[in-house]
Amino acid sequence: MFVVMRTAATEAEVLGVKSRILAEGLTPFEHAGAAGLQLAVVGELGGRRGALLEELAALPGVARVTPINRPFKLVSREFHPEDTVIRVLDAAIGDGSLTVMAGPCSVESRSQLMETATRVKAAGATILRGGAFKPRTSPYAFQGLGVEALRYLAEARDETGLPVITEVMEPNQVDIVAEYADILQIGTRNMQNYSLLQAVGRVARPVMLKRGYGATIEEWLMAAEYIVSSGNPNVILCERGIRTFETYTRNTMDLAAVPLLHSLTHLPVIVDPSHATGKRFLVAPLAMGGVAVGADGVMVEVHPDPDSALSDAEQQLTLEQFDALMRELVPVHEHVRELRNGAPRSAAHIDMPAGGGLSKH
């Protein structure tokens with residue numbers, strides 16, 4: 001449930017409401033937005049829900065108490081109607097600008113990374129991506145350079161000014177990756193690694209959460225809820241394709257997820273057409289498709305010589321292909337912004353029943 005405080009509520013009245021919530025063994029999360037101060041009541045309510053709702057509504061300073069049946073609360077638009085904007089160095093994600101995360105799947109050498117970083121920055125990329133620790137299906141495949149790659153990424157950031165995003169795979173890697181990287185990435189295989197989600201929720205770094213390849217929208221948002229409820233509100237959602245019966249693409253990119261998420265959550269949403277398709281020639285069309293349906297940005301893999309890449313060779317763009325993509329992508333983004341003309345994303349309301357179906361009203 002959400003407790004909406006009166007505009008003139010005093011600090012003592014707010015503390016009184018928080019104390020009552022804490023006394024029930026629950027946790028209050030505060031959000032001060034354009035509509036005033038709201039407190040999300042998080043925890044297992046059970047049969048106390050009705051009685052507690054009435055009790056909180058009667059406390060001094062409370063305007064109303066709103067029940068919510070969604071399992072995700074802190075990431076919902078009901079609690080946080082305004083878009084979350086995440087700022088990292090000179091980059092902003094979710095403010096209406098086009099975020100482009102680009103770089104190699106794996107950092108293979110200093111020269112490979114520096115050449116790529118320089119070129120993607122010149123073409124208009126806003127964030128540098130590169131894998132230091134790589135989760136691979138085969139134990140014999142290239143697993144990344146580890147800490148050595150983190151040092152190269154930090155050097156590339158110093159050289160280009162681009163913030164760095166890289167994947168963290170285990171809770172015991174969080175501190176070392178956070179020391180070098182500006183944004184921590186949770187990969188598809190770890191979307192429901194709850195100890196890792198809580199660990200990244202306790203560090204002062206934005207987190208990009210990739211959708212699990214077999215995850216529903218609700219499961220994905222619940223994973224984001226783990227991070228936010230652990231103390232980190234700066235979460236980016238990344239649609240990277242889900243596993244279906246189709247075999248001609250690596251995954252099936254769920255473009256409908258983008259506008260749906262913008263209705264359900266305040267968190268920024270980007271798309272990853274490289275992992276969604278697994279094919280180089282499909283990356284540009286799917287990147288433009290993602291931006292056309294309202295994504296805040298894209299993540300694409302770029303390599304100076306993709307055919308010789310140590311991982312995901314077939315889906316990485318050449319430097320020249322990335323240049324061409326940016327020439328096509330920027331006008332699409334600008335046109336979509338003009339069409340939207342500042343219309344709020346939350347204008348449409350999507351209701352998600354407990355059964356998992358969707359109805360719009």
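Residues take their numbers from the sequence shown, with the count starting at 1.
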With sequence neighbours excluded, residues passing side-chain hydrogen bond (donor to acceptor under 3.5 Å, both in side chains) with [X]:
X      : result
Asp175 : none
Gln321 : Thr318
Glu239 : Arg211
Ser111 : Ser109

Using the test ring-ring contact (aromatic ring centres under 6.0 Å, His included), find all partners of [X] that sit at least two apart in sequence or belong to another chain.
X      : answer
His333 : none
Phe2   : Phe79
Tyr226 : Tyr194

Are the side chains of [X] and [Y] in touch, meaning some heavy atoms are under 4.5 Å apart?
X      : Y      : value
Leu319 : Val302 : yes
Val235 : Val75  : no
Glu179 : Leu150 : no
Leu209 : Leu197 : yes
Val100 : Val120 : no
Ile93  : Met208 : no

Between [X] and [Y], which heavy-atom pair has the shortest distance, and what is it?
X      : Y      : value
Leu37  : Glu30  : CD1-CG, 3.1 Å
Leu113 : Ala156 : CD2-CB, 4.1 Å
Leu98  : Gly297 : CD1-CA, 4.1 Å
Tyr180 : Ala154 : CD2-CB, 3.9 Å
Asn190 : Val168 : ND2-O, 4.4 Å
Ile127 : Ala91  : CG1-CB, 4.1 Å

Please answer whether the main-chain N or O of [Y] pairs with a side-chain N or O of [X] as donor and acceptor at a distance below 3.5 Å.
X      : Y      : value
Gln198 : Pro171 : no
Arg280 : Gln316 : yes
Asp312 : Gln315 : no
Asp296 : Val269 : yes
Asn232 : Val203 : yes
Gln112 : His303 : no
His335 : Arg337 : no
Arg6   : Gly36  : no
Asn193 : Glu170 : no
Ser274 : Val300 : no

Taking only residues two or more places apart in sequence, or in another chain, which ones meet [X] in a side-chain contact (heavy atoms from CB on, under 4.5 Å)?
X      : answer
Thr244 : Ile242, Glu246, Thr252
Leu282 : Thr249, Thr277, Lys279
Asp182 : Val88, Leu89, Arg157, Pro163, Val164
Asp90  : none

inquiry  = Given Val283, which partner from the list Asp272, Leu317, Val298 fulfils the side-chain contact (heavy atoms from CB on, under 4.5 Å) test?
reply    =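 Filter result, single survivor: Leu317.
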request  = Using the side chain to side chain contact (heavy atoms under 4.5 Å, CB included) rule, take Thr10 and Met5 through it: C-alpha gap first, then chi angles, then the decisive distance, then the call.
outcome  = CA-CA 9 Å; Thr10 66; Met5 302 301 297; over 6 Å; no
Does [X] come within less than 4.0 Å of [Y], counting only side-chain N to carboxylate O?
X      : Y      : answer
Arg129 : Glu301 : yes
Glu159 : Lys121 : no
Glu78  : Arg70  : yes

Listed pairs under 3.5 Å, donor-acceptor, residues 53-68 side chains, sequence neighbours left out:
unit_1 : atom_1 : unit_2 : atom_2 : d
Glu55  : OE1    : Arg20  : NH2    : 3.4
Glu55  : OE2    : Arg20  : NE     : 2.3
Glu55  : OE2    : Arg20  : NH2    : 3.0

request  = Mind running side chain to side chain contact (heavy atoms under 4.5 Å, CB included) on Phe322 and Arg119 for me, showing each step along the way?
outcome  = CA-CA 9 Å; Phe322 181 71; Arg119 285 289 298 273; over 6 Å; no
ask   = Is it true that atom CD of Glu314 has more than 12 heavy atoms of other residues, nucleotides or ligands lying nearer than 6.0 Å?
value =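 It does not: Glu314 CD has 12 such atoms or fewer within range.
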ask   = Got a sec: does the CD of Glu11 have more than 12 other heavy atoms crowding it under 6.0 Å?
value =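 Atom CD in Glu11 is not packed in, count stays at 12 or less.
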Calculate, to the nearest 0.5 Å, the distance between atoms [atom1] and [atom2] belonging to [X] and [Y] respectively.
X      : Y      : atom1 : atom2 : result
Lys73  : Phe29  : NZ    : CZ    : 11.5 Å
Leu267 : Leu237 : CG    : CG    : 5.0 Å
Thr118 : Leu128 : OG1   : CG    : 9.5 Å
Met114 : Glu155 : CE    : CD    : 5.0 Å
Gln185 : Lys210 : CD    : NZ    : 4.5 Å
Leu145 : Glu108 : CG    : CD    : 8.0 Å

key: Residue from His262, His266, Arg77 passing side chain to side chain donor-acceptor pair (under 3.5 Å) with Asp83   =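 The residue from His262, His266, Arg77 that satisfies side chain to side chain donor-acceptor pair (under 3.5 Å) with Asp83 turns out to be Arg77.
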task = Would you check, one step at a time, whether the test side chain to side chain contact (heavy atoms under 4.5 Å, CB included) holds for Leu261 with Leu221?
result = CA-CA 9 Å; Leu261 285 168; Leu221 289 172; 3.9 Å; yes
task = Determine, using the 4.5 Å side-chain heavy-atom cutoff (strictly less than), whether Leu184 and Leu196 are members of one ILVMFWY cluster.
result =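 Linked within one cluster.
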request  = Identify whether NZ of Lys or CZ of Arg in Arg243 sits under 6.0 Å from the centre of the six-membered ring of Tyr213 and within 45° of that ring's axis.
outcome  =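 Because its charged atom sits under 6.0 Å from the ring centre and within 45° of the axis, Arg243 does stack over Tyr213.
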